[in-house]
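The structure displayed is predicted, hence computed values, not measured ones. Excluded from the calculations below are hydrogen atoms, water molecules and symmetry mates; all remaining heavy atoms, backbone and side chain alike, are included. Naming: A, B, ... by sequence-line order, numbering from 1 per chain.
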Number of protein chains: 2
Amino acid sequence: MHRKKAHFIKKERSSPGLRGRIWIDGSEGTFLGYGRIILLELIREHGSITKAAKSMEISYRHAWELVDSMNRQSPKLLVEATTGGRNGGGARLTEEGEKAVNLFWKFYEDFQDFLKHEEKKLSSLLHKRRVR
Amino acid sequence: MHRKKAHFIKKERSSPGLRGRIWIDGSEGTFLGYGRIILLELIREHGSITKAAKSMEISYRHAWELVDSMNRQSPKLLVEATTGGRNGGGARLTEEGEKAVNLFWKFYEDFQDFLKHEEKKLSSLLHKRRVR
DNA sequence: TTTCGATATTCCCTTAAGTATATTACGTTA
DNA sequence: TAACGTAATATACTTAAGGGAATATCGAAA
């Protein structure tokens with residue numbers, strides 16, 4: 001699935017309609033959400049938290065905190081990071097990480113369908129601009 | 001529907017599971033969301049933005065901004081406010097406001113059902129605490 | 001015409017989330 | 001053992017959302 005820079009969706013300011021977000025809560029609050037999943041995918045793609053963060057245009061600190069949060073809340077690590085070595089280290093997505101990504105996208109697609117479907121019940125309240 | 005203090009839901013921190021929010025976007029961004037609907041209901045109940053704000057424990061300023069935002073984005077006013085008079089004035093929910101409330105709760109209930117249903121696909125990733 | 005309570009509006013403050021930056025730790029390779 | 005690039009961690013800065021308080025405005029009723 002081609003999703004380059006798809007995480008900017010959240011900033012594409014709102015044409016009228018039904019919108020929403022879903023996420024998976026864990027023991028400490030948010031476990032998996034849209035941005036976290038994008039981050040996991042970018043870590044898989046780049047093999048590095050640093051590069052993933054840059055390509056997402058978030059700070060390394062923030063990216064690292066997200067990864068740490070996910071790892072802490074998962075029975076098995078989703079991201080394995082190594083420090084030092086050949087190119088200073090790196091990070092890779094584990095099998096469990098792959099599972100997490102796939103599971104979330106499943107939920108996500110179902111949810112998009114749900115929104116599309118429900119949105120048909122709308123229309124009455126929107127439309128027609130009132131001048132004041 | 002008895003929903004006293006139901007707006008605290010957002011603060012009830014997260015037992016593991018699938019979670020989400022929905023809202024309706026208008027021309028300027030968010031038009032109707034959970035908190036805004038609660039606010040509308042409390043305005044209907046109290047006949048005043050001030051009292052509604054207090055009972056929701058948000059500032060009058062914030063409440064007023066929300067009401068103004070909703071009114072600006074709706075073809076017809078959702079809240080009619082009068083200033084001055086016997087008791088200083090007040091605010092009431094219009095027919096269109098009622099419609100908005102009802103419509104949102106319809107979406108909301110469908111969404112809760114959706115979440116409950118989808119959550120059954122979960123379980124694999126959660127469970128079992130890993131000590132580190 | 002004075003009083004009263006709520007709306008309407010402005011200004012300043014606090015707080016939290018995230019950014020920016022710097023430093024240390026690390027381990028392979030040259 | 002020096003160099004390199006990344007992880008890991010700490011500290012200070014920035015910014016936006018909302019809170020709190022102050023003030024003006026309004027209109028019915030006493």
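C:dA8 atom C1' lies 17 Å from atom NE2 of B:H62, rounded to whole Å. Following rounding to the nearest Å, B:Y60 (OH) and C:dG5 (C1') show an atom-to-atom distance of 12 Å. B:I49 has its CD1 atom 14 Å from the C1' atom of C:dG5, to the nearest Å. B:W64 has its CH2 atom 17 Å from the C1' atom of D:dA21, to the nearest Å. The distance from atom NZ of A:K51 to atom C1' of D:dC4 is 13 Å, rounded to the nearest whole Å. The distance from atom CD of A:E57 to atom C1' of C:dA20 is 15 Å, rounded to the nearest whole Å. Rounded to a whole Å, the CZ atom of B:R92 is 16 Å from the C1' atom of C:dT7. Spacing between atom CE of A:M56 and atom C1' of C:dT19 amounts to 14 Å, rounded to whole angstrom units.
Using a 4.0 Å cut-off between charged side-chain N and carboxylate O, B:K99 and B:E95 make no salt bridge. No salt bridge links A:D110 with A:K106; every basic N to acidic carboxylate O contact stays at or beyond 4.0 Å.
Between the side chain of A:H117 and the backbone N or O of A:D113 there is no donor-acceptor pair closer than 3.5 Å. Formation of a donor-acceptor pair under 3.5 Å by the B:T94 side chain with backbone atoms of B:G97 is found in this model. No donor-acceptor pair under 3.5 Å is formed between the side chain of B:E96 and the backbone N or O of B:L77. For the pair A:Q73 (side chain) and A:T30 (backbone), a donor-acceptor distance under 3.5 Å is present. Of the possible polar contacts, none joining the B:S74 side chain to the B:N71 backbone as a donor-acceptor pair under 3.5 Å is found.
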Per-nt protein contacts along nucleotides 25-30 of chain D (heavy atom under 4.0 Å; B base, S backbone sugar-phosphate only, - none) come out as BBBSS-
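How far CD of A:E41 is from CZ of A:R44: 5.0 Å, rounded to the nearest 0.5 Å.
When each of C:dT9, D:dG19, D:dT9 is scored by its nearest atom to the side-chain atoms of B:I58, the top-ranked nucleotide is D:dG19. In this structure, of D:dT6, C:dT19, C:dT7, it is D:dT6 that holds the atom nearest to the side chain of A:S48.
Put simply, the residue from A:F111, A:Y108, A:W23, A:F107 that forms a ring pair (Phe, Tyr, Trp, His ring centres under 6.0 Å) with A:Y34 is A:Y108.
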Considering only nitrogen or oxygen atoms on both sides, find all protein atoms under 3.5 Å from nucleotides 10-14 of chain C and state each distance.
from, atom 1, to, atom 2, distance (Å)
C:dC11, N4, B:R61, NE, 3.0

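If you check every strand for non-hydrogen atoms under 4.0 Å, A:S59 touches a base.
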